[in-house]
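Below is one structure, written out as C-alpha coordinates, with a few remarks after it.
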Protein chains: 2
Amino acid sequence: MQSSLKTLFPNFSPELIATIEENGSAQDFKAGTILMRTGQYIKNTVLITKGKIKIYREGEDGGEFLMYYLQPGQACAISMICTAKSEKSQIMAKVTEDVSVMMIPLQMMDKWMMEHRSWYEFVIETYRSRFEEVLEVVDNIAFRSMDERLEFYLKRHSDSCGCSEVKLSHQEIATELNTSREVVSRLLKKMEQRGLVKLNRNQIELLKTNFTN
Amino acid sequence: MQSSLKTLFPNFSPELIATIEENGSAQDFKAGTILMRTGQYIKNTVLITKGKIKIYREGEDGGEFLMYYLQPGQACAISMICTAKSEKSQIMAKVTEDVSVMMIPLQMMDKWMMEHRSWYEFVIETYRSRFEEVLEVVDNIAFRSMDERLEFYLKRHSDSCGCSEVKLSHQEIATELNTSREVVSRLLKKMEQRGLVKLNRNQIELLKTNFTN
DNA sequence: CTTCTTCTGTGATAAATGTTACTGTAGATT
DNA sequence: AATCTACAGTAACATTTATCACAGAAGAAG
(Lines give C-alpha, C1' and ligand atoms only; values in the text may rest on other atoms or scores of the structure.)
Protein backbone atom coordinates (compact mmCIF):
# COMPACT_ATOMS: atom_id res chain seq x y z
CA MET A 1 0.00 0.00 0.00
CA GLN A 2 2.69 2.48 0.96
CA SER A 3 4.63 1.54 -2.11
CA SER A 4 1.69 2.02 -4.45
CA LEU A 5 1.96 5.78 -4.21
CA LYS A 6 5.60 5.54 -5.13
CA THR A 7 4.94 3.54 -8.26
CA LEU A 8 1.78 5.36 -9.31
CA PHE A 9 3.25 8.81 -8.81
CA PRO A 10 6.88 8.23 -9.75
CA ASN A 11 7.73 11.92 -9.85
CA PHE A 12 6.80 12.58 -6.25
CA SER A 13 9.78 13.08 -3.99
CA PRO A 14 10.20 10.64 -1.08
CA GLU A 15 9.50 13.45 1.36
CA LEU A 16 6.30 14.34 -0.45
CA ILE A 17 5.15 10.72 -0.38
CA ALA A 18 5.82 10.57 3.31
CA THR A 19 3.86 13.78 3.83
CA ILE A 20 0.95 12.48 1.79
CA GLU A 21 0.82 9.28 3.74
CA GLU A 22 0.91 11.25 6.93
CA ASN A 23 -1.77 13.79 6.09
CA GLY A 24 -3.96 12.02 3.57
CA SER A 25 -6.56 9.43 4.35
CA ALA A 26 -6.85 6.34 2.16
CA GLN A 27 -10.42 5.50 1.33
CA ASP A 28 -12.30 3.03 -0.86
CA PHE A 29 -15.52 3.57 -2.76
CA LYS A 30 -17.78 1.14 -4.58
CA ALA A 31 -18.73 1.55 -8.20
CA GLY A 32 -21.76 3.76 -8.49
CA THR A 33 -20.81 6.07 -5.65
CA ILE A 34 -21.12 9.72 -6.48
CA LEU A 35 -18.07 11.42 -5.04
CA MET A 36 -18.98 14.93 -6.03
CA ARG A 37 -22.08 16.74 -7.16
CA THR A 38 -22.51 19.98 -9.01
CA GLY A 39 -22.77 22.78 -6.50
CA GLN A 40 -21.21 20.90 -3.62
CA TYR A 41 -18.34 22.48 -1.78
CA ILE A 42 -15.04 20.76 -2.21
CA LYS A 43 -13.11 19.89 0.89
CA ASN A 44 -10.48 17.54 -0.46
CA THR A 45 -8.17 16.93 -3.29
CA VAL A 46 -8.26 13.38 -4.54
CA LEU A 47 -5.43 11.16 -5.75
CA ILE A 48 -6.59 7.97 -7.44
CA THR A 49 -4.64 4.82 -6.63
CA LYS A 50 -7.05 2.21 -8.01
CA GLY A 51 -10.19 2.04 -10.15
CA LYS A 52 -11.86 4.62 -12.32
CA ILE A 53 -13.85 7.79 -11.79
CA LYS A 54 -16.01 9.44 -14.37
CA ILE A 55 -16.05 13.22 -14.52
CA TYR A 56 -19.08 14.61 -16.27
CA ARG A 57 -21.28 17.61 -16.57
CA GLU A 58 -24.95 17.43 -15.75
CA GLY A 59 -27.56 19.36 -17.71
CA GLU A 60 -30.56 21.00 -16.12
CA ASP A 61 -32.83 18.34 -17.54
CA GLY A 62 -30.74 15.60 -15.97
CA GLY A 63 -28.85 14.72 -19.14
CA GLU A 64 -25.18 14.06 -18.68
CA PHE A 65 -22.10 14.68 -20.72
CA LEU A 66 -18.78 12.92 -20.28
CA MET A 67 -15.71 15.07 -19.81
CA TYR A 68 -13.07 12.48 -18.99
CA TYR A 69 -12.09 9.59 -16.77
CA LEU A 70 -9.70 9.69 -13.84
CA GLN A 71 -7.43 6.71 -13.43
CA PRO A 72 -4.71 5.51 -11.07
CA GLY A 73 -1.80 7.93 -10.95
CA GLN A 74 -4.06 10.88 -11.66
CA ALA A 75 -5.75 13.55 -9.61
CA CYS A 76 -8.89 15.54 -9.91
CA ALA A 77 -7.91 18.88 -11.44
CA ILE A 78 -11.19 20.47 -10.51
CA SER A 79 -10.75 19.65 -6.87
CA MET A 80 -7.27 21.13 -6.98
CA ILE A 81 -8.41 24.32 -8.58
CA CYS A 82 -11.47 24.85 -6.47
CA THR A 83 -9.78 23.71 -3.35
CA ALA A 84 -7.62 26.78 -3.17
CA LYS A 85 -10.64 28.81 -2.19
CA SER A 86 -13.03 26.05 -1.24
CA GLU A 87 -15.18 26.77 -4.23
CA LYS A 88 -18.20 24.92 -5.43
CA SER A 89 -17.78 22.01 -7.76
CA GLN A 90 -18.84 22.56 -11.34
CA ILE A 91 -18.96 18.89 -12.20
CA MET A 92 -20.13 15.46 -11.16
CA ALA A 93 -17.72 12.69 -10.21
CA LYS A 94 -18.98 9.13 -10.18
CA VAL A 95 -17.08 5.95 -9.43
CA THR A 96 -17.36 3.56 -12.37
CA GLU A 97 -14.96 0.91 -11.11
CA ASP A 98 -14.35 0.40 -7.40
CA VAL A 99 -11.69 2.91 -6.44
CA SER A 100 -9.08 3.53 -3.80
CA VAL A 101 -8.18 7.15 -3.31
CA MET A 102 -6.07 9.36 -1.13
CA MET A 103 -8.09 12.22 0.26
CA ILE A 104 -5.98 15.27 0.91
CA PRO A 105 -7.44 18.10 2.96
CA LEU A 106 -7.53 21.35 1.09
CA GLN A 107 -5.30 23.18 3.55
CA MET A 108 -2.39 21.05 2.36
CA MET A 109 -2.66 22.21 -1.23
CA ASP A 110 -1.19 25.68 -0.88
CA LYS A 111 1.32 24.55 1.68
CA TRP A 112 2.74 21.79 -0.45
CA MET A 113 2.81 23.96 -3.53
CA MET A 114 5.44 26.04 -1.78
CA GLU A 115 7.28 23.25 -0.01
CA HIS A 116 7.39 20.45 -2.54
CA ARG A 117 8.62 21.10 -6.00
CA SER A 118 7.35 17.75 -7.23
CA TRP A 119 3.87 18.52 -5.94
CA TYR A 120 3.91 21.89 -7.68
CA GLU A 121 4.90 20.30 -10.94
CA PHE A 122 2.31 17.61 -10.62
CA VAL A 123 -0.45 20.14 -10.02
CA ILE A 124 0.55 22.30 -12.95
CA GLU A 125 0.79 19.30 -15.22
CA THR A 126 -2.60 18.08 -14.04
CA TYR A 127 -4.16 21.43 -14.85
CA ARG A 128 -2.53 21.51 -18.21
CA SER A 129 -3.49 18.05 -19.36
CA ARG A 130 -7.08 18.37 -18.19
CA PHE A 131 -7.51 21.71 -19.81
CA GLU A 132 -6.24 20.21 -23.00
CA GLU A 133 -8.57 17.28 -22.67
CA VAL A 134 -11.56 19.55 -22.17
CA LEU A 135 -10.55 21.58 -25.21
CA GLU A 136 -10.56 18.37 -27.20
CA VAL A 137 -14.04 17.66 -25.94
CA VAL A 138 -15.13 21.10 -27.11
CA ASP A 139 -13.65 20.37 -30.51
CA ASN A 140 -15.63 17.22 -30.77
CA ILE A 141 -19.00 18.69 -30.01
CA ALA A 142 -18.36 21.95 -31.83
CA PHE A 143 -16.95 20.61 -35.07
CA ARG A 144 -17.85 16.97 -35.41
CA SER A 145 -21.02 15.07 -36.13
CA MET A 146 -22.33 12.22 -34.07
CA ASP A 147 -20.68 9.43 -36.02
CA GLU A 148 -17.25 10.95 -35.64
CA ARG A 149 -17.85 11.63 -31.99
CA LEU A 150 -18.89 8.04 -31.49
CA GLU A 151 -15.75 6.76 -33.16
CA PHE A 152 -13.65 9.05 -31.03
CA TYR A 153 -15.45 7.92 -27.91
CA LEU A 154 -14.87 4.25 -28.64
CA LYS A 155 -11.26 4.83 -29.46
CA ARG A 156 -10.68 6.71 -26.25
CA HIS A 157 -12.30 3.91 -24.31
CA SER A 158 -10.22 1.19 -25.84
CA ASP A 159 -7.08 3.27 -25.42
CA SER A 160 -7.81 3.74 -21.77
CA CYS A 161 -8.41 0.07 -21.02
CA GLY A 162 -5.74 -1.08 -23.39
CA CYS A 163 -8.01 -3.66 -24.99
CA SER A 164 -10.06 -3.62 -28.17
CA GLU A 165 -13.36 -4.61 -26.59
CA VAL A 166 -15.56 -1.94 -25.14
CA LYS A 167 -18.00 -3.46 -22.68
CA LEU A 168 -20.87 -1.03 -22.68
CA SER A 169 -24.49 -1.10 -23.73
CA HIS A 170 -25.70 1.25 -26.40
CA GLN A 171 -27.73 3.00 -23.74
CA GLU A 172 -24.66 3.76 -21.63
CA ILE A 173 -22.81 5.17 -24.60
CA ALA A 174 -25.81 7.27 -25.57
CA THR A 175 -25.96 8.72 -22.08
CA GLU A 176 -22.34 9.75 -22.06
CA LEU A 177 -22.65 11.40 -25.44
CA ASN A 178 -25.96 12.95 -24.47
CA THR A 179 -27.87 11.45 -27.35
CA SER A 180 -30.44 8.65 -27.64
CA ARG A 181 -29.94 4.92 -27.67
CA GLU A 182 -31.50 4.54 -31.11
CA VAL A 183 -29.03 6.93 -32.64
CA VAL A 184 -26.11 5.03 -31.18
CA SER A 185 -27.51 1.69 -32.35
CA ARG A 186 -27.96 2.99 -35.85
CA LEU A 187 -24.52 4.55 -36.10
CA LEU A 188 -22.86 1.46 -34.67
CA LYS A 189 -24.67 -0.65 -37.24
CA LYS A 190 -23.31 1.54 -39.99
CA MET A 191 -19.84 1.25 -38.52
CA GLU A 192 -20.20 -2.51 -38.50
CA GLN A 193 -21.17 -2.42 -42.15
CA ARG A 194 -18.09 -0.34 -42.87
CA GLY A 195 -16.09 -3.05 -41.11
CA LEU A 196 -14.92 -0.82 -38.27
CA VAL A 197 -16.43 -2.79 -35.43
CA LYS A 198 -18.02 -6.08 -34.52
CA LEU A 199 -21.14 -5.87 -32.41
CA ASN A 200 -22.14 -8.22 -29.63
CA ARG A 201 -24.47 -7.90 -26.72
CA ASN A 202 -22.97 -5.47 -24.22
CA GLN A 203 -19.72 -5.45 -26.08
CA ILE A 204 -18.23 -3.71 -29.08
CA GLU A 205 -15.08 -5.04 -30.62
CA LEU A 206 -12.92 -2.52 -32.41
CA LEU A 207 -11.27 -3.86 -35.51
CA LYS A 208 -8.13 -1.92 -34.90
CA THR A 209 -6.68 -1.87 -38.34
CA ASN A 210 -9.20 0.63 -39.57
CA PHE A 211 -9.24 2.49 -36.36
CA THR A 212 -5.89 3.70 -35.30
CA ASN A 213 -5.45 6.20 -38.06
CA MET B 1 1.54 53.57 -17.73
CA GLN B 2 3.33 52.27 -14.67
CA SER B 3 0.27 52.89 -12.61
CA SER B 4 -2.03 51.01 -14.94
CA LEU B 5 -0.70 47.69 -13.75
CA LYS B 6 -1.46 48.68 -10.22
CA THR B 7 -5.06 49.56 -10.93
CA LEU B 8 -5.74 46.71 -13.33
CA PHE B 9 -4.18 44.08 -11.12
CA PRO B 10 -5.03 45.39 -7.67
CA ASN B 11 -4.02 42.21 -5.89
CA PHE B 12 -0.44 42.26 -7.11
CA SER B 13 2.04 43.25 -4.43
CA PRO B 14 4.16 46.36 -5.07
CA GLU B 15 7.28 44.19 -5.35
CA LEU B 16 5.58 41.99 -7.93
CA ILE B 17 4.53 45.02 -9.96
CA ALA B 18 8.08 46.29 -9.87
CA THR B 19 9.36 42.91 -10.98
CA ILE B 20 6.86 42.75 -13.81
CA GLU B 21 7.80 46.19 -15.04
CA GLU B 22 11.43 45.23 -14.88
CA ASN B 23 11.19 41.89 -16.69
CA GLY B 24 8.15 42.25 -18.90
CA SER B 25 7.99 44.10 -22.15
CA ALA B 26 5.02 46.29 -22.92
CA GLN B 27 3.76 45.85 -26.45
CA ASP B 28 0.85 47.02 -28.57
CA PHE B 29 -1.01 45.14 -31.25
CA LYS B 30 -3.56 46.26 -33.78
CA ALA B 31 -6.99 44.69 -34.09
CA GLY B 32 -6.81 41.69 -36.39
CA THR B 33 -3.36 40.58 -35.27
CA ILE B 34 -3.15 36.90 -34.52
CA LEU B 35 -1.10 36.58 -31.36
CA MET B 36 -1.10 32.83 -31.19
CA ARG B 37 -1.85 29.97 -33.53
CA THR B 38 -2.74 26.39 -32.87
CA GLY B 39 0.45 24.37 -32.74
CA GLN B 40 2.76 27.30 -32.10
CA TYR B 41 5.15 27.15 -29.23
CA ILE B 42 4.46 29.54 -26.44
CA LYS B 43 7.29 31.69 -25.24
CA ASN B 44 5.47 34.26 -23.17
CA THR B 45 2.74 34.76 -20.71
CA VAL B 46 0.51 37.67 -21.54
CA LEU B 47 -1.12 40.21 -19.24
CA ILE B 48 -3.71 42.40 -20.93
CA THR B 49 -3.70 46.08 -20.00
CA LYS B 50 -5.90 47.44 -22.78
CA GLY B 51 -8.18 46.13 -25.53
CA LYS B 52 -9.65 42.73 -26.17
CA ILE B 53 -8.35 39.39 -27.34
CA LYS B 54 -10.48 36.58 -28.63
CA ILE B 55 -9.54 33.04 -27.67
CA TYR B 56 -10.99 30.44 -29.98
CA ARG B 57 -10.54 26.95 -31.25
CA GLU B 58 -10.03 26.30 -34.92
CA GLY B 59 -11.52 23.27 -36.67
CA GLU B 60 -9.71 21.31 -39.34
CA ASP B 61 -11.96 22.76 -42.00
CA GLY B 62 -11.12 26.28 -40.90
CA GLY B 63 -14.29 26.80 -38.90
CA GLU B 64 -13.82 28.57 -35.64
CA PHE B 65 -15.40 28.36 -32.24
CA LEU B 66 -15.30 31.04 -29.59
CA MET B 67 -14.06 30.06 -26.17
CA TYR B 68 -13.86 33.42 -24.42
CA TYR B 69 -12.50 36.94 -24.51
CA LEU B 70 -9.53 38.29 -22.61
CA GLN B 71 -9.85 41.80 -21.25
CA PRO B 72 -7.77 44.27 -19.28
CA GLY B 73 -6.80 42.89 -15.89
CA GLN B 74 -6.77 39.35 -17.19
CA ALA B 75 -4.14 36.95 -18.40
CA CYS B 76 -4.04 34.11 -20.87
CA ALA B 77 -4.49 30.93 -18.84
CA ILE B 78 -3.34 28.78 -21.70
CA SER B 79 -0.07 30.58 -21.99
CA MET B 80 0.47 30.19 -18.26
CA ILE B 81 -0.23 26.51 -18.32
CA CYS B 82 1.74 25.68 -21.39
CA THR B 83 4.51 28.02 -20.54
CA ALA B 84 5.68 25.87 -17.68
CA LYS B 85 7.03 23.38 -20.17
CA SER B 86 7.01 25.48 -23.29
CA GLU B 87 4.22 23.44 -24.75
CA LYS B 88 2.37 23.98 -27.97
CA SER B 89 -0.68 26.17 -27.99
CA GLN B 90 -4.00 24.45 -28.39
CA ILE B 91 -5.87 27.56 -29.33
CA MET B 92 -5.92 30.67 -31.44
CA ALA B 93 -5.68 34.17 -30.00
CA LYS B 94 -6.73 37.11 -32.11
CA VAL B 95 -6.82 40.78 -31.23
CA THR B 96 -10.32 42.14 -31.70
CA GLU B 97 -9.71 45.60 -30.27
CA ASP B 98 -6.28 47.20 -30.31
CA VAL B 99 -4.47 45.88 -27.26
CA SER B 100 -1.62 46.73 -24.97
CA VAL B 101 -0.05 43.78 -23.24
CA MET B 102 2.79 42.88 -20.94
CA MET B 103 4.79 40.02 -22.32
CA ILE B 104 6.43 37.99 -19.62
CA PRO B 105 9.09 35.49 -20.56
CA LEU B 106 8.21 31.98 -19.55
CA GLN B 107 11.23 31.57 -17.28
CA MET B 108 9.66 34.04 -14.88
CA MET B 109 6.54 31.97 -14.35
CA ASP B 110 7.96 29.29 -12.10
CA LYS B 111 10.24 31.71 -10.34
CA TRP B 112 7.50 34.12 -9.41
CA MET B 113 5.18 31.33 -8.36
CA MET B 114 7.60 30.63 -5.55
CA GLU B 115 8.61 34.16 -4.76
CA HIS B 116 5.39 36.13 -5.02
CA ARG B 117 2.34 34.98 -3.21
CA SER B 118 0.12 37.41 -5.10
CA TRP B 119 1.37 36.02 -8.41
CA TYR B 120 0.68 32.49 -7.28
CA GLU B 121 -2.84 33.38 -6.30
CA PHE B 122 -3.46 35.23 -9.51
CA VAL B 123 -2.32 32.27 -11.57
CA ILE B 124 -4.45 29.80 -9.66
CA GLU B 125 -7.47 32.05 -9.89
CA THR B 126 -6.90 32.52 -13.61
CA TYR B 127 -6.79 28.76 -14.11
CA ARG B 128 -9.90 28.29 -12.10
CA SER B 129 -12.04 30.92 -13.73
CA ARG B 130 -11.02 29.90 -17.25
CA PHE B 131 -11.66 26.27 -16.56
CA GLU B 132 -15.08 27.21 -15.32
CA GLU B 133 -15.73 29.30 -18.35
CA VAL B 134 -14.77 26.50 -20.67
CA LEU B 135 -17.04 24.13 -18.78
CA GLU B 136 -19.85 26.56 -19.36
CA VAL B 137 -19.05 26.56 -23.05
CA VAL B 138 -19.25 22.77 -23.03
CA ASP B 139 -22.63 22.99 -21.35
CA ASN B 140 -23.89 25.27 -24.03
CA ILE B 141 -22.96 23.14 -26.97
CA ALA B 142 -23.74 19.87 -25.24
CA PHE B 143 -27.12 20.66 -23.80
CA ARG B 144 -28.54 23.68 -25.55
CA SER B 145 -29.95 24.31 -28.97
CA MET B 146 -28.88 27.08 -31.28
CA ASP B 147 -31.47 29.60 -30.17
CA GLU B 148 -30.48 29.31 -26.53
CA ARG B 149 -26.82 29.48 -27.41
CA LEU B 150 -27.45 32.60 -29.43
CA GLU B 151 -29.25 34.25 -26.54
CA PHE B 152 -26.43 33.33 -24.21
CA TYR B 153 -23.90 34.67 -26.66
CA LEU B 154 -25.62 38.01 -26.97
CA LYS B 155 -26.05 38.31 -23.26
CA ARG B 156 -22.41 37.60 -22.64
CA HIS B 157 -21.46 40.23 -25.19
CA SER B 158 -23.59 42.94 -23.71
CA ASP B 159 -22.42 42.04 -20.23
CA SER B 160 -18.82 42.35 -21.29
CA CYS B 161 -19.23 45.75 -22.94
CA GLY B 162 -21.70 46.97 -20.38
CA CYS B 163 -24.09 48.25 -23.02
CA SER B 164 -27.22 46.79 -24.54
CA GLU B 165 -26.16 47.15 -28.18
CA VAL B 166 -24.13 44.42 -29.76
CA LYS B 167 -22.36 45.75 -32.79
CA LEU B 168 -21.79 42.69 -34.89
CA SER B 169 -23.00 41.44 -38.23
CA HIS B 170 -24.94 38.20 -38.43
CA GLN B 171 -22.00 36.70 -40.23
CA GLU B 172 -19.60 37.45 -37.41
CA ILE B 173 -21.94 35.91 -34.87
CA ALA B 174 -22.42 32.87 -37.06
CA THR B 175 -18.68 32.41 -37.30
CA GLU B 176 -18.16 32.51 -33.57
CA LEU B 177 -20.92 30.01 -32.97
CA ASN B 178 -19.72 27.88 -35.87
CA THR B 179 -23.01 27.94 -37.72
CA SER B 180 -24.23 29.72 -40.84
CA ARG B 181 -25.33 33.26 -41.33
CA GLU B 182 -28.82 32.23 -42.45
CA VAL B 183 -29.44 30.34 -39.25
CA VAL B 184 -28.44 33.34 -37.18
CA SER B 185 -30.64 35.64 -39.24
CA ARG B 186 -33.60 33.33 -38.81
CA LEU B 187 -33.19 32.94 -35.10
CA LEU B 188 -32.63 36.64 -34.57
CA LYS B 189 -35.79 37.37 -36.51
CA LYS B 190 -37.71 35.03 -34.23
CA MET B 191 -36.21 36.71 -31.20
CA GLU B 192 -37.30 40.04 -32.56
CA GLN B 193 -40.82 38.72 -32.98
CA ARG B 194 -40.73 37.54 -29.38
CA GLY B 195 -39.74 41.06 -28.44
CA LEU B 196 -36.31 40.13 -27.11
CA VAL B 197 -34.24 42.24 -29.46
CA LYS B 198 -34.43 45.03 -31.96
CA LEU B 199 -32.49 44.49 -35.17
CA ASN B 200 -30.56 47.09 -37.09
CA ARG B 201 -27.79 46.94 -39.59
CA ASN B 202 -24.63 45.78 -37.86
CA GLN B 203 -26.26 46.20 -34.51
CA ILE B 204 -28.54 44.24 -32.26
CA GLU B 205 -30.24 45.98 -29.40
CA LEU B 206 -31.10 43.82 -26.44
CA LEU B 207 -34.36 44.73 -24.80
CA LYS B 208 -33.02 44.03 -21.39
CA THR B 209 -36.20 43.49 -19.51
CA ASN B 210 -36.78 40.13 -21.03
CA PHE B 211 -33.18 39.27 -21.01
CA THR B 212 -31.56 39.47 -17.70
CA ASN B 213 -33.38 36.55 -16.15
C1' DC C 1 -38.77 -24.91 -20.05
C1' DT C 2 -41.28 -20.63 -19.30
C1' DT C 3 -41.32 -16.09 -18.10
C1' DC C 4 -39.19 -11.61 -17.54
C1' DT C 5 -36.10 -8.21 -18.30
C1' DT C 6 -32.61 -5.94 -20.78
C1' DC C 7 -30.55 -5.07 -24.92
C1' DT C 8 -30.64 -4.41 -29.78
C1' DG C 9 -32.52 -3.44 -34.57
C1' DT C 10 -35.32 -0.75 -37.50
C1' DG C 11 -39.08 1.86 -39.73
C1' DA C 12 -41.77 6.09 -39.66
C1' DT C 13 -41.95 10.62 -38.52
C1' DA C 14 -40.77 15.13 -36.45
C1' DA C 15 -37.71 18.81 -35.44
C1' DA C 16 -33.49 21.32 -35.76
C1' DT C 17 -29.93 22.80 -38.43
C1' DG C 18 -27.31 23.36 -42.71
C1' DT C 19 -27.31 24.61 -47.68
C1' DT C 20 -28.61 26.84 -51.95
C1' DA C 21 -30.46 30.42 -54.26
C1' DC C 22 -32.30 34.57 -54.81
C1' DT C 23 -34.01 39.44 -53.38
C1' DG C 24 -33.80 43.84 -51.39
C1' DT C 25 -31.61 47.52 -48.88
C1' DA C 26 -28.19 50.70 -46.65
C1' DG C 27 -24.23 52.78 -46.98
C1' DA C 28 -19.84 53.57 -49.34
C1' DT C 29 -17.48 54.75 -53.66
C1' DT C 30 -17.03 56.83 -57.88
C1' DA D 1 -26.92 60.13 -59.45
C1' DA D 2 -25.16 55.61 -60.69
C1' DT D 3 -22.76 51.78 -59.12
C1' DC D 4 -20.85 48.66 -55.97
C1' DT D 5 -20.51 45.97 -51.91
C1' DA D 6 -21.61 44.18 -47.53
C1' DC D 7 -25.48 43.01 -44.94
C1' DA D 8 -29.95 41.14 -44.10
C1' DG D 9 -34.39 38.47 -45.15
C1' DT D 10 -36.55 34.40 -46.69
C1' DA D 11 -38.21 30.32 -49.30
C1' DA D 12 -37.14 25.67 -50.64
C1' DC D 13 -34.75 21.80 -49.89
C1' DA D 14 -31.20 18.38 -47.80
C1' DT D 15 -29.25 16.39 -43.90
C1' DT D 16 -28.70 15.24 -39.29
C1' DT D 17 -30.49 14.10 -35.06
C1' DA D 18 -34.39 13.11 -31.91
C1' DT D 19 -38.55 10.70 -30.84
C1' DC D 20 -42.09 7.17 -31.10
C1' DA D 21 -43.46 2.65 -31.80
C1' DC D 22 -42.72 -1.86 -32.05
C1' DA D 23 -40.39 -6.50 -32.62
C1' DG D 24 -37.04 -9.91 -31.91
C1' DA D 25 -32.97 -11.96 -29.35
C1' DA D 26 -29.99 -12.95 -25.31
C1' DG D 27 -29.58 -13.88 -20.92
C1' DA D 28 -31.38 -14.07 -16.08
C1' DA D 29 -34.73 -15.77 -12.91
C1' DG D 30 -38.24 -18.68 -11.65
Side-chain angles (χ1 to χ4, degrees), chain A residues 31-32 59-66 138-154 157 165-206, chain B residues 31-32 59-66 138-154 157 165-206:
Chain A
E60 287 151 6
D61 56 348
E64 61 176 75
F65 190 86
L66 174 70
V138 171
D139 264 27
N140 276 308
I141 30 181
F143 298 123
R144 301 199 201 295
S145 52
M146 214 46 181
D147 53 351
E148 292 177 289
R149 286 172 54 197
L150 180 58
E151 285 193 29
F152 182 80
Y153 173 86
L154 293 174
H157 244 277
E165 286 98 35
V166 176
K167 293 196 196 316
L168 292 168
S169 71
H170 297 183
Q171 181 58 65
E172 290 175 288
I173 298 173
T175 301
E176 303 211 318
L177 293 174
N178 191 43
T179 178
S180 68
R181 201 263 314 158
E182 293 89 326
V183 171
V184 172
S185 287
R186 260 199 289 266
L187 292 176
L188 280 173
K189 211 61 197 167
K190 276 190 207 159
M191 287 175 66
E192 189 175 45
Q193 283 156 13
R194 285 195 290 150
L196 295 177
V197 295
K198 190 161 173 305
L199 301 179
N200 304 298
R201 194 188 171 84
N202 273 315
Q203 194 222 51
I204 298 159
E205 188 181 338
L206 308 195
Chain B
E60 289 151 4
D61 56 350
E64 62 176 70
F65 190 87
L66 173 69
V138 171
D139 264 26
N140 276 308
I141 28 181
F143 297 124
R144 301 201 201 293
S145 52
M146 214 49 177
D147 52 351
E148 291 178 289
R149 286 172 53 197
L150 179 57
E151 284 194 29
F152 182 80
Y153 173 87
L154 293 175
H157 245 277
E165 286 98 34
V166 177
K167 293 198 195 314
L168 292 169
S169 71
H170 297 185
Q171 181 58 64
E172 289 174 289
I173 297 173
T175 302
E176 303 210 322
L177 294 173
N178 192 45
T179 179
S180 68
R181 201 260 317 157
E182 292 86 334
V183 171
V184 172
S185 287
R186 255 200 302 260
L187 293 176
L188 280 173
K189 211 62 196 163
K190 276 190 207 161
M191 287 174 67
E192 189 176 45
Q193 282 155 13
R194 286 195 290 148
L196 295 177
V197 295
K198 189 160 174 310
L199 301 179
N200 303 299
R201 192 188 173 84
N202 271 318
Q203 194 222 52
I204 298 160
E205 187 181 339
L206 307 195

Check the side chains of B:R181 and B:S185 for a donor-acceptor pair under 3.5 angstrom, ignoring hydrogens and angles.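 Yes, because at least one side-chain N or O of B:S185 sits under 3.5 Å from a partner of the opposite role on B:R181.
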
Distance test, side-chain N/O of B:S180 to OP1/OP2 of C:dT17, below 4.0 Å: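 For B:S180, the contact criterion (side-chain N or O under 4.0 Å from OP1 or OP2 of C:dT17) is not met.
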
Protein-nucleotide distance ([X], atom [atom1]; [N], atom [atom2]), rounded to Å:
X: B:E182; N: C:dA21; atom1: CD; atom2: P; value: 12 Å
X: B:R186; N: C:dA16; atom1: CZ; atom2: P; value: 12 Å
X: B:K190; N: D:dA8; atom1: NZ; atom2: C1'; value: 17 Å
X: A:L150; N: D:dT17; atom1: CG; atom2: P; value: 11 Å
X: A:E148; N: D:dT17; atom1: CD; atom2: P; value: 9 Å
X: B:R144; N: D:dA18; atom1: CZ; atom2: C1'; value: 18 Å
X: B:N178; N: C:dG18; atom1: CG; atom2: C1'; value: 11 Å
X: B:F143; N: C:dA16; atom1: CZ; atom2: P; value: 19 Å

Closest contact, heavy atoms only, B:L150 versus B:V184: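 Of all heavy-atom pairs spanning B:L150 and B:V184, the closest is CD2-O, 4.3 Å.
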
Protein proximity profile, nucleotides 3-8 of chain C - base contact B, sugar-phosphate-only contact S, no contact -, cut-off 4.0 Å on heavy atoms: ---BBB

Counting any heavy atom closer than 4.0 Å, what does A:S145 reach on the DNA or RNA strands: base, sugar-phosphate only, or nothing?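 Sugar-phosphate contact only.
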
Considering residues at least two apart in sequence or located in another chain, which fulfil the salt bridge (charged side-chain N to carboxylate O under 4.0 Å, His left out) criterion with B:R144?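 Counting only residues at least two positions away or on another chain, B:R144 forms a salt bridge (charged side-chain N to carboxylate O under 4.0 Å, His left out) with A:E60.
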
Answer yes or no: is there a side-chain heavy-atom contact under 4.5 Å between A:F65 and A:T175?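 Side chain of A:F65 against side chain of A:T175, heavy atoms only: no contact under 4.5 Å found.
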
Between B:E192 and B:L199, is there a donor-acceptor pair closer than 3.5 Å when you use the side chain of the first and the backbone of the second?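 Here the side-chain-to-backbone pair exists.
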
Is there a salt bridge (Lys or Arg N to Asp or Glu O under 4.0 Å) between B:E151 and B:R194? Walk through the geometry before answering. CA-CA 12 Å; B:E151 284 194 29; B:R194 286 195 290 148; 2.9 Å; yes

